[in-house]
Amino acid sequence: MSRARTGARMSVFISIAAYCDPVLGFTLARARAAARRPQDLHFGILDQSPQPPAPSTLEGLAPARVSYQRIDPVFSRGPCWARALAMALYDGEDWFLQLDSHMDFEPGWDERLIAQARALAPGRKGVVLSAYPNAFVFEDGRPVVRAATGKVLAHVVKAGSAFAPDHPVLGFEARPVETDRPLPGFHLGAGCLFAPGRFALEFPYDPALYFHGEEQALAARLYTHGWDIFHVPGLPLRHLYNDGNSGVPPRPLHWDATHEAGRAQAWWQLEQRSRARLGALLAGEPLGVYGLGRERTLAQYAKWCGIDYARRTLGPQAFRPMAP
């Protein structure tokens with residue numbers, strides 16, 4: 001029986017798609033240790049690694065529940081495909097948390113995220129809390145926070161960005177905002193996303209996407225289905241960025257040449273298909289459960305945040321955080 005049906009409204013499904021990540025074990029252990037209610041956690045892990053972790057890594061997550069699947073990286077079809085498989089392990093939990101596999105957690109992160117989401121939920125069809133989180137690094141083997149702000153990190157289009165002539169993929173960045181109030185968002189971070197559990201049923205991840213543009217696709221789906229994105233102050237999660245300053249060896253990426261050598265289909269083919277898929281979504285083509293909703297339109301989205309997919313233009317508000 002799912003914990004969501006036992007009466008407690010605190011169960012959290014944690015969806016993690018890992019790719020040859022040496023920090024996966026750290027992430028899992030820290031999530032369990034820092035949770036206020038580890039007995040209400042359900043880890044759904046899709047591990048794309050040559051070998052599984054030591055048995056003690058997963059056994060040490062008790063009393064949390066663990067659903068673990070592994071696939072050799074040579075058979076992987078990219079980040080979004082992997083996220084779709086991890087999401088499929090959802091089992092009716094009250095809350096859904098999608099994470100990258102290289103994260104750190106503040107004490108009580110589970111109760112804090114639930115409280116923030118509950119406070120924003122009244123009067124709304126659905127809410128998603130998301131961000132590109134503050135960074136942490138390893139120093140002498142220990143995690144150390146490298147925070148840009150203790151307040152809000154809001155998503156905006158990168159300065160100087162413009163639409164390319166052949167695809168709709170844009171670049172985004174996090175902008176620190178010194179406010180104690182949640183800010184509405186028009187974009188989200190796929191590696192740090194918290195929502196009611198029904199998110200996993202209403203917005204199944206599209207495995208036809210590859211990586212670039214996945215967040216734009218999900219933001220458009222959420223908006224047109226009437227859901228709202230928020231960037232909240234004091235997000236209790238941290239991210240280890242793969243920028244050479246992390247304090248651990250750089251982790252390989254799906255498109256690394258050495259990994260590509262053993263595959264029948266190159267990552268660039270998957271990327272081209274993904275760009276076409278994103279274009280089809282934003283053009284309103286019928287994509288079934290992966291398509292746009294009817295609560296709001298992309299024309300309304302363009303007027304609201306300045307990202308106009310029909311005209312391939314960016315208004316000034318696309319480059320600045322929303323007002324509270």
Test item: I307 and T313 side chains (from C-beta on) under 4.5 Å apart, heavy atoms: no

Of all the heavy-atom pairs spanning A208 and D206, show the shortest one and how long it is. N-OD1, 2.9 Å

Between L253 and V74, is there shared hydrophobic-cluster membership here, with clusters defined by ILVMFWY side-chain heavy atoms closer than 4.5 Å? no

N242 side-chain N/O to R251 backbone N/O, donor-acceptor pair under 3.5 Å: yes

Answer yes or no: is there a side-chain heavy-atom contact under 4.5 Å between S67 and I45? no

Are F136 and F138 an aromatic pair by the rule of ring centers under 6.0 Å? yes

If you count every heavy atom of other residues, nucleotides or ligands that lies below 6.0 Å from K125 atom NZ, does the total exceed 12? yes

Do H225 and E295 have side-chain atoms, one donor and one acceptor, less than 3.5 Å apart? no

Look at the rings of H102 and H239 and say which category their plane angle falls in: under 30° parallel, 30 to 60° tilted, over 60° perpendicular. perpendicular

Are L58 and L28 packed together at the side-chain level, in the sense that at least one heavy-atom pair is separated by less than 4.5 angstrom? yes

R175 vs E173, test: salt bridge (charged side-chain N to carboxylate O under 4.0 Å, His left out). Steps then yes/no. CA-CA 6 Å; R175 184 79 55 80; E173 61 188 3; 3.7 Å; yes

Could you tell me whether R124 and D228 make a salt bridge, using a distance below 4.0 angstrom between a side-chain N and a carboxylate O? yes

Kindly say whether A148 contributes a backbone atom to a donor-acceptor pair with the side chain of N134 at under 3.5 angstrom? yes

Indicate the atoms forming the closest heavy-atom contact of L61 with T57, along with that distance. CG-O, 3.6 Å

W109 side chain near I114 side chain, heavy-atom distance below 4.5 Å: no

Pairwise distance SG(C305) to CD(Q317) - rounded to 0.5 angstrom: 7.0 Å

Can you check whether P53's main-chain N or O pairs, donor with acceptor, with R70's side chain at less than 3.5 Å? no

If hydrophobic clusters are built by linking Ile, Leu, Val, Met, Phe, Trp and Tyr wherever their side-chain heavy atoms come under 4.5 Å apart, do I229 and F186 end up in the same one? no

Can any side-chain N or O of D47 pair as donor or acceptor with the backbone N or O of P52 at less than 3.5 Å? no

Can we call the ring centroids of F43 and F13 under 6.0 Å apart? no

Is R30 close enough and on-axis enough to F105, meaning under 6.0 Å and within 45°, for cation-pi? no

Give, for atom CD1 of I16 and atom CG of L99, the distance between the pair rounded to the nearest 0.5 Å. 5.5 Å

N/O donor-acceptor pairs under 3.5 Å from side chains in residues 281-292, not counting sequence neighbours:
none

Taking the six-membered ring for Trp, are W81 and Y210 closer than 6.0 Å centroid to centroid? no

Write down the atom of L278, the atom of A217, and the distance for their closest heavy-atom approach. CD1-CB, 3.8 Å

Has the side chain of D110 got a donor or acceptor atom that lies under 3.5 Å from a matching backbone atom of R37? yes

Taking the six-membered ring where the residue is Trp, are the ring centres of F194 and F199 under 6.0 Å apart? no

Under a 4.0 Å N-O cut-off, is there an ion pair linking R36 with E111? yes

Which residues pass the ring-ring contact (aromatic ring centres under 6.0 Å, His included) test with Y132, sequence neighbours left out? H155

Can you confirm whether the side chains of S11 and D94 place a donor and an acceptor under 3.5 Å from each other? yes

So does A190 get a backbone contact from the side chain of Q98, meaning a donor-acceptor N/O pair under 3.5 Å? yes

What one should report as the nearest heavy-atom pair of M103 and P133 is CE-CG, 4.1 Å

If you count every heavy atom of other residues, nucleotides or ligands that lies below 6.0 Å from Q51 atom CD, does the total exceed 12? no

Test of understanding: clusters of I, L, V, M, F, W, Y form through side-chain heavy atoms closer than 4.5 Å, transitively. Do Y19 and L209 belong to the same one? no

Using side-chain heavy atoms (C-beta onward) and a distance below 4.5 Å, is D104 in contact with L237? no

Any side-chain to backbone donor/acceptor pair from T224 onto R296? Under 3.5 Å, distance only. no

Kindly state whether the ring of W267 and the ring of F211 have centres lying under 6.0 angstrom apart. no

d(E214 CD, C80 SG) to nearest 0.5 Å is 3.5 Å

Is there a continuous path of hydrophobic side-chain contacts, each under 4.5 Å between heavy atoms, that joins L235 to V12? yes

Flag yes if V177 and L153 sit in one hydrophobic cluster, no otherwise; membership is Ile, Leu, Val, Met, Phe, Trp, Tyr, and two members link when side-chain heavy atoms are under 4.5 Å apart. no

With distance as the sole test, does S76 use its side chain to make a donor-acceptor pair with the main-chain N or O of Q48 at under 3.5 Å? no

Any idea which heavy atoms bring H259 and R263 closest together, and the distance? O-CG, 3.7 Å

To the nearest 0.5 Å, how far apart are CD in E139 and OG in S246? 11.5 Å

Would you mind telling me which of D91, I14, L41 makes a side chain to side chain contact (heavy atoms under 4.5 Å, CB included) with R65? D91

Checking H231 side chain against S130 main chain: does a donor-acceptor pair fall under 3.5 Å? yes

Atom pair CG/NZ of L314 and K158 - distance to nearest 0.5 Å: 14.0 Å

Can you tell me how far the CG atom of L129 sits from the CZ atom of R112, to the nearest 0.5 Å? 12.5 Å

Main chain of L170, side chain of Q216: is a donor-acceptor contact present, judged purely on distance under 3.5 Å? yes

Do Q300 and Y223 have side-chain N/O donor and acceptor atoms under 3.5 Å apart? no

Give a yes or no on this: more than 12 heavy atoms of other residues, nucleotides or ligands lie within 6.0 Å of atom CZ of R146. yes

Give me the atom names and distance for the closest heavy-atom approach of F319 to G160. CE2-N, 4.2 Å

